[in-house]
Structure formats: C-alpha cells, structure tokens
Amino acid sequence: MPLYVYEAVDPGKGCEKCRAGFETTQSINDPKLVKCPDCGAEIYRVIQAPGLGRSKTDLHYRAKRAGFHTLKRVNKGEYEKMY
Ligand SMILES: [Zn+2]
C-alpha cells in the first residue's frame, strides 16, 4: 500500500498532527482525505518520494513538479470570484 503524506491547508487551523503533516497508508483506490481525522481541518495530500527528508520546501517543490496544484486552484478560485 502506498504511503501518503497529508498536511493542513491552513496550518493555523490544524491540530498538532496535521500542522506538522502526517503519514498514512491508503489503497490506490481509496479517495484521498480532505479533512484531518483528528480535528477536521482541511488537509491536502503531499506527493512524497520514498526516503525524502522532512524538508517542507523540498516537499512542496516535488509536489508542484508532480502536478499537484490544490493550493493554486484554491487561489485561482478566489480570484475568479472577484470578476
Ligand atoms: Zn488535525
């Protein structure tokens, strides 16, 4: 089973667990989590390569390269509402 890393979208709202990011194993067919199972804060899935360190910059850089644009989409949506 693949190991996924989740992190709070807004670290100010998350609990200790999702603020720092947490790992969970899921089947490839399982829907991805959108809320922290502990506090219910919005979370997003970070693409993580095996053996990667806990560097946030590196995680986000890799997530972008893997085409993970959840945060960008949120920002774009907010923009679109302004027009
Ligand atoms: Zn949480």
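When a residue number appears, it is its place in the shown sequence, counting from 1. Order of listing sets the numbers, starting from 1, for every ligand and every atom in it.
For the atom pair OH (Y6) and CD1 (I43), the distance works out to 6.5 Å, reported to the nearest 0.5 Å. Atom-to-atom distance recorded for R19:CZ and C36:SG is 10.5 Å, nearest 0.5 angstrom. Rounded to the nearest 0.5 angstrom, T24 OG1 and R45 CZ are separated by 10.5 Å. Atom-to-atom distance recorded for C18:SG and K13:NZ is 11.5 Å, nearest 0.5 angstrom.
Of all protein atoms, those of element N, O or S that lie under 2.8 Å from the Zn ion (ligand 1) number 4.
Taking both residues in full, the closest heavy atoms of Q26 and P2 are given as O-CD, 3.0 Å, listed atom of the first, atom of the second, then distance.
For the pair F22/D38, no side-chain contact is recorded, criterion being any heavy-atom separation below 4.5 Å from C-beta on.
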